[in-house]
Participant: 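Can you keep this structure in mind? I'll have questions shortly.
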Amino acid sequence: MELEKAYDPKAAEHSHYERWESSGFFRPEINQDQGAPKYSIVIPPPNVTGSLHMGHALQHMIMDVLTRWKRMQGYRTLWLPGTDHAGISVQRKVVEQLKKDEHKKPTDIGREEFVRRAWAWKEQYGNTITEQMRREGASVDWSRHRFTMDEDLSKAVRSVFVTLYNEGWIYKGLRIVNWCPKDRTVLSDLEVKEETKKDGKLTYLKYPVIDTDRTITVATTRPETMLGDTAVAVNPKDPRYTDLIGKTIALPLTDREIPIIADEYVDAEFGTGAVKITPAHDPNDYQVGLRHDLPQLLVMNDDGTMNAAAGAEFVGIDRFKARDMVVQRFDELGLLEKVDDYEITLPVCERCKTIVEPILSDQWFVKMDEMRDMALGLMRAEGVPHFSPQVPNEKVYTAWLENLKDWTISRQLWWGHQIPAWYDADGNVFVAHTEKEAKEKAGGKELTQDQDVLDTWFSSGLWAFSTFGWTGEDSETDDLNKFLPTDVLVTGRDIIFLWVSRMMMLTKKFVDKKAFEDVIVTGTVLGKDGKPMSKSRNNGVDPIEMFDKFGVDATRIYLASIATGADIKWNDLLIETYRNFANKIWNATRFCLLNSEGARVDHASLMDRAGLPLADKWIISRLNQKAIDVNKSLAKYEFHAAVSLLYHFFWDDFCDWYIELKKDEINAGDVEATTRILTILEIALRMLHPFMPYLTEELWLKLPGTSAEMLAPAYKSADATIMLTAFPPGDATAIDAAAESEMQSVIDLIKKVRNIRAEMNIKSGDRVAVHVAASADMRANFTANEAQIKKLARADSIVLGDSLDVPKASAKAVLSGGAEIAVPLEGLIDFGKERERLQNQIDKLDTELQRLKGQLSNANFVERAPVEKVQELKDRKEEIEQQVKTLRMNLDALN
RNA sequence: GGGCACGUACGUCAAUUGGUAGACAGCCUCCCUUACAAGGAGGAAGUUAGGGGUUCGAGUCCCUUCGUGCCCA
């Protein structure tokens, strides 16, 4: 069989995925071994509105590598896919579509119709990301795909809500919340981001104190909220104001009179030391208000305009316009003291960037006290979840839990899980699984359901168990018993709080299991400018474009080559490296196939190693050592270490040395030699498979001798595929230190000769004679491998002896183990150049020697360092001294 | 304001419990040698941001300065 000269990723990516999927290879049921241990991962469900970005590609690659690796190890694996209904995002899409196509507002068509259209939107556009995941090669079980608003998952949501309500962990109440006036909904603290504004203003307003000729000045960044002031507070210890405490202010622009109160909360150092108190529009003021029993005066509508309570003059005016008006009116009244420039940090809506308004509002909350203790308990008692990398994630997680506040779960949206609470005409609340149940509780009264929906994270917080069939009614399902706890969760830093912590808590609470043992926290993929990718910066890199340009496999293994958790600045040049690597693998296979007549992959060919040539013993030893190391690295989630091992094994050991050493035998049609190289290649492909699924499958199927019979025992009945072969565990008994050291010595010799050739400008076509002075053992080794040495060093003769007998016109070098080589260069040698070359080598060795001598002459070192370490240095020193001595003699001989 | 990371070759990144710094790409020289020029052979290149400390020994641990980034208030 002959392959194309260069690897074309698109051809390989074309058909394998469909075959894998339709053959059921991704399903745990493919595993026929009843006693197989399970391995499960649930995907962090991407938003249905989303399309694939590099962050997904990175996380999916990790999950897929782990899943494929464990599947090959014989585990019953399940990687469960799904999508999230993404409340605000979908709602916004539908609102936009409605406006664009029909110039209508949601209220024009009503809730029912709106929700119908949201579903339609989801059906039409919501599978973009799942299609893209197929391209990635993600080995997820599509038959178990879940959506957070599926019927069963919605049942789970209602069950959880009802239970938490009945236990008093969910409550409704008036609180200061983050209000987005554009989306007209409340946001949780985590959906609010900070933005620094350099051009902010700090406005100083003077309030007249009744029955005096004095005014009191307050500083504020939000002057319009003064319309809702119900007090002015000062620090009780502040001598400037003690005589004013208890007096009353005539609040300008209103007809209200408000008290001056004393409260420790006021920082006498900041501003004027007097603070306006607006309990309905500021969380701190709200607390002060509660302490002093102040009225809570709401002066804003839900769209950010002022309401009637703000006074007739301001009704319907936007909050920022009202701000300017208030300042202007104070100025006219002579009550504006000054306006300072002031850098301020503003809360903004994470999604639409609108400035968030703290506002007093009636909302649903989850009390977090017990749940927090549960999560902290798990961490303290069992160290669960175990974070990779542990630093700093574990600390960030626990610190956040320790300071956890109650969670606002209601959202003023139509798209999502409507809150299962019903009200009668008197406002009594009935929380139930269904309207029917609520009516029964209410004694048959007419009820209306709460208009709000739940925070999207409420349903995704149940993801670890709701996806396995838990509805609250069926609390024991096969999948739940089989696959929970999941083994690892792979996610970004940004949702440790939003999702990881809540899933941990809710899973513990409702099924009394750990949601997952481990958490891998991935880094951020940054744009070429080193900044996070974003539309506004226009520095995004589209994974699909990278797949098209370099191939899926190259993209995957490049992403895997970055240390877990580290941020990565995108760099096309490096992905190109792995595109080249894929081509290298392709061509190495091509070579093996070119001369494979009569040979086939046969694992028995590697079993009886005693009689094999050195190169074979060596590569088998290296292969098994690498397999052991790769497994270890993957177990520690050190994907970059595994990639580095595989890259260098394949390119350096297998291609540069093994193939080159065996080339003559293989070209000559040596069936045994070809069988071995095919077998070693086959094992290497298996190790590469989790990282490069398409390429390895494409090549594996082409190797002679591969068939369904080679699959791992658990998958015996499946069709032929590399993805169900056994992942090489590595055989410690195949590690052959003697062979490795002998081979190393051959490699050293060849490299030294090559070095002489290059530095002395010997034409590549010219053959040389190589003289070697070495011990009897080394000579025997070189004799045994004479043909290979001649070929790779481009020598026409090798002269072995216990000392060198060569003309002066020779280039010389030393080998480790006390050996010495010379290449006679009659007529070709440039003595000046040779002197320079020898001196150069002496200098290098001398630098190391000086350091070694320094260390060994330090009595403290010799005394305190481990003996092996000291011996190691002593041996090294002796070796170098010998080499330097030889090189000096050679140099002197030239002078 | 509080907390946490990070700073290594021109660039992007590695370096197990402290053991004396590596890879890739780039650069220089040579080679289209029948698997691969997306390749092969050889080579040059770092006071590990600066300073101090602990230690026989520090990129790694501690302190400090500078710079960058993130999280929380």
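Numbered from 1 within each chain, the chains take letters A, B, ... in sequence-line order. All heavy atoms count here, side chains included; hydrogens, waters and symmetry mates do not.
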Participant: Roughly, in whole Å, what's the span from CZ in A:R590 to P in B:C36?
Facilitator: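 Interatomic distance, CZ of A:R590 to P of B:C36: 5 Å.
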
Participant: Ignoring backbone atoms, test whether A:K569 places a side-chain nitrogen or oxygen under 4.0 Å from the OP1 or OP2 oxygen of B:G7.
Facilitator: no

Participant: With a 4.5 Å heavy-atom cut-off, do A:E881 and A:L849 have their side chains touching?
Facilitator: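 Answer yes - side chains close enough.
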
Participant: Expressed in angstrom and rounded to an integer, what is the separation of A:F861 atom CZ from B:U20 atom P?
Facilitator: 10 Å

Participant: Between B:G11 atom C1' and A:I568 atom CD1, what is the distance in whole Å?
Facilitator: 13 Å

Participant: Measuring only the C1' atom in each nucleotide, how far is B:G7 from B:A15? A whole number of Å is fine.
Facilitator: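 Per the computed distance, 16 Å lies between those C1' atoms.
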
Participant: Just call it for A:K763: base, sugar-phosphate, or nothing, with non-hydrogen atoms closer than 4.0 Å on any strand.
Facilitator: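 The residue A:K763 makes no contact with any strand.
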
Participant: Using Watson-Crick or G-U wobble geometry with both distances below 3.5 Å, tell me the partner of B:G69, or none.
Facilitator: B:C4

Participant: Look at the side-chain N and O atoms of A:H640 and state whether any lies under 4.0 Å from the OP1 or OP2 oxygen of B:A15.
Facilitator: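 Yes, such a contact exists.
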
Participant: Among the candidates B:G11, B:A5, B:U33, find the nucleotide nearest to the side-chain atoms of A:P392.
Facilitator: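 In terms of side-chain proximity for A:P392, the closest of B:G11, B:A5, B:U33 is B:A5.
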
Participant: For A:P866 and A:K663, take the nucleotide of RNA chain B holding the closest heavy atom to each; which residue's nucleotide lies nearer the 5' end?
Facilitator: A:P866

Participant: Heavy atoms under 4.0 Å, any strand shown: does A:L873 hit a base, just sugar-phosphate, or nothing?
Facilitator: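 No contact.
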
Participant: Mind checking whether A:L678 and A:C592 have side chains closer than 4.5 Å, heavy atoms only?
Facilitator: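 Yes, close enough: below the 4.5 Å cut-off.
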
Participant: What is the distance from atom OH of A:Y647 to atom CZ of A:F691, rounded to the nearest 0.5 Å?
Facilitator: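 Separation between the atoms: 15.0 Å.
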
Participant: Show the numbers, then the answer: is there a side chain to side chain contact (heavy atoms under 4.5 Å, CB included) between A:R837 and A:I756?
Facilitator: CA-CA 9 Å; A:R837 210 177 60 82; A:I756 288 173; 3.6 Å; yes

Participant: Rounding to the closest angstrom, what is the interatomic distance between B:G53 and B:U16 at atom P?
Facilitator: 25 Å

Participant: Starting from P on B:A14, measure out to OH on A:Y647 and report it in whole angstrom.
Facilitator: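 For the pair A:Y647 OH and B:A14 P, the rounded distance is 17 Å.
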
Participant: With a 6.0 Å cut-off (strictly less than), is the heavy-atom count around NZ of A:K751, excluding the residue itself, greater than 12?
Facilitator: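 For A:K751, atom NZ is not crowded (no more than 12 foreign heavy atoms under 6.0 Å).
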
Participant: What's A:A566 touching, base or sugar-phosphate or nothing? Going by heavy atoms closer than 4.0 Å.
Facilitator: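 Result for A:A566 = sugar-phosphate.
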
Participant: When you compare B:G67 with B:U8, how far apart are their C1' atoms, in angstrom units rounded to a whole number?
Facilitator: 15 Å

Participant: Quiz question: by atom type and distance under 3.5 Å, do the side chains of A:N840 and A:E836 form a donor-acceptor pair?
Facilitator: no

Participant: Rounding to the closest angstrom, what is the interatomic distance between B:A23 and B:G43 at atom P?
Facilitator: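 Pairwise P distance, B:A23 against B:G43, rounds to 12 Å.
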
Participant: Which nucleotide, if any, forms a Watson-Crick or G-U wobble pair with B:A44, using both distances under 3.5 Å?
Facilitator: none

Participant: Check nucleotides 38-42 of chain B for protein N or O atoms closer than 3.5 Å to its own N or O atoms and list the pairs.
Facilitator:
residue	atom	partner	partner atom	Å
B:A38	O4'	A:N580	OD1	3.1
B:A38	O2'	A:N583	ND2	3.0
B:A38	N3	A:R579	NE	3.2
B:G39	OP1	A:N580	ND2	3.2
B:G39	O3'	A:K584	NZ	3.1
B:G40	OP1	A:K584	NZ	3.2
B:G40	OP1	A:W651	NE1	2.5
B:G42	O3'	A:N755	ND2	3.1

Participant: A:K395 side chain: which of B:A35, B:A23, B:C4 is closest?
Facilitator: B:C4

Participant: Given that A:S764 and A:Q855 both sit by RNA chain B, which one's nearest nucleotide is further toward the 5' end?
Facilitator: A:Q855

Participant: What does B:U34 pair with, Watson-Crick or G-U, if both distances are under 3.5 Å?
Facilitator: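 Base partner found: none.
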
Participant: Provide the Watson-Crick or G-U wobble partner of B:C13, both distances under 3.5 Å; none if there is no partner.
Facilitator: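 Across all strands, the one nucleotide that pairs with B:C13 is B:G22.
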
Participant: For the pair made of CG in A:D567 and P in B:C6, what is the distance, rounded to whole Å?
Facilitator: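 Rounded to whole Å, this separation is 11 Å.
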
Participant: What is the separation between atom CZ on A:R794 and atom C1' on B:C30, rounded to the nearest whole Å?
Facilitator: 12 Å

Participant: In terms of side-chain heavy atoms, does A:D616 have a donor or acceptor partner in A:Y658 at a distance below 3.5 Å?
Facilitator: yes

Participant: For the P atoms, the ones on B:C13 and on B:U17, what distance do you get once it is rounded to whole angstrom?
Facilitator: 22 Å

Participant: For A:C655, which contact category applies under a 4.0 Å heavy-atom criterion: base, sugar-phosphate, or nothing?
Facilitator: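 Here A:C655 touches the bases of the nucleic acid.
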
Participant: Round to a whole Å and report the spacing from NZ of A:K833 to C1' of B:G43.
Facilitator: 11 Å

Participant: Please give the distance between the P atoms of B:A14 and B:U33 as a whole number of Å.
Facilitator: 38 Å

Participant: Measure CH2/A:W400 against C1'/B:A73 and give the value in whole Å, please.
Facilitator: 15 Å

Participant: Looking at every strand, decide which applies to A:R757 at a 4.0 Å heavy-atom threshold: base, sugar-phosphate, or nothing.
Facilitator: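 The residue A:R757 makes no contact with any strand.
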
Participant: Report the base-pairing partner of B:G59 (Watson-Crick or G-U wobble, both distances below 3.5 angstrom), or none.
Facilitator: none

Participant: If you look at every strand shown and take non-hydrogen atoms under 4.0 Å, does A:L573 touch a base, only sugar-phosphate, or nothing?
Facilitator: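 Sugar-phosphate, no base atom in range.
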
Participant: Taking only the C1' atom of each, what is the distance from B:G59 to B:A21 in whole angstrom?
Facilitator: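 B:G59 and B:A21 have their C1' atoms separated by 8 Å.
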
Participant: Any side-chain donor-acceptor pair under 3.5 Å between A:E576 and A:N580?
Facilitator: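 Per modelled atom types, A:E576 and A:N580 side chains form no pair under 3.5 Å.
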
Participant: Just by distance, no angles: are the side chains of A:Y637 and A:D518 close enough, under 3.5 Å, to form a donor-acceptor pair?
Facilitator: yes

Participant: For B:A25 versus B:C66, give the span between their C1' atoms, rounded off to a whole number of Å.
Facilitator: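 Looking at atom C1' only, B:A25 and B:C66 are 30 Å apart.
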
Participant: Which residue is it: A:F547, A:W570, A:F639? I am looking for the one with a ring-ring contact (aromatic ring centres under 6.0 Å, His included) to A:Y558.
Facilitator: A:W570

Participant: Mind checking A:T577 for me? I need base, sugar-phosphate or nothing, with any heavy atom below 4.0 Å counting as a touch.
Facilitator: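 Result for A:T577 = sugar-phosphate.
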
Participant: Under 4.0 Å between any heavy atoms, over every strand shown, what does A:K791 touch: base, sugar-phosphate, or nothing? Just pick one.
Facilitator: nothing

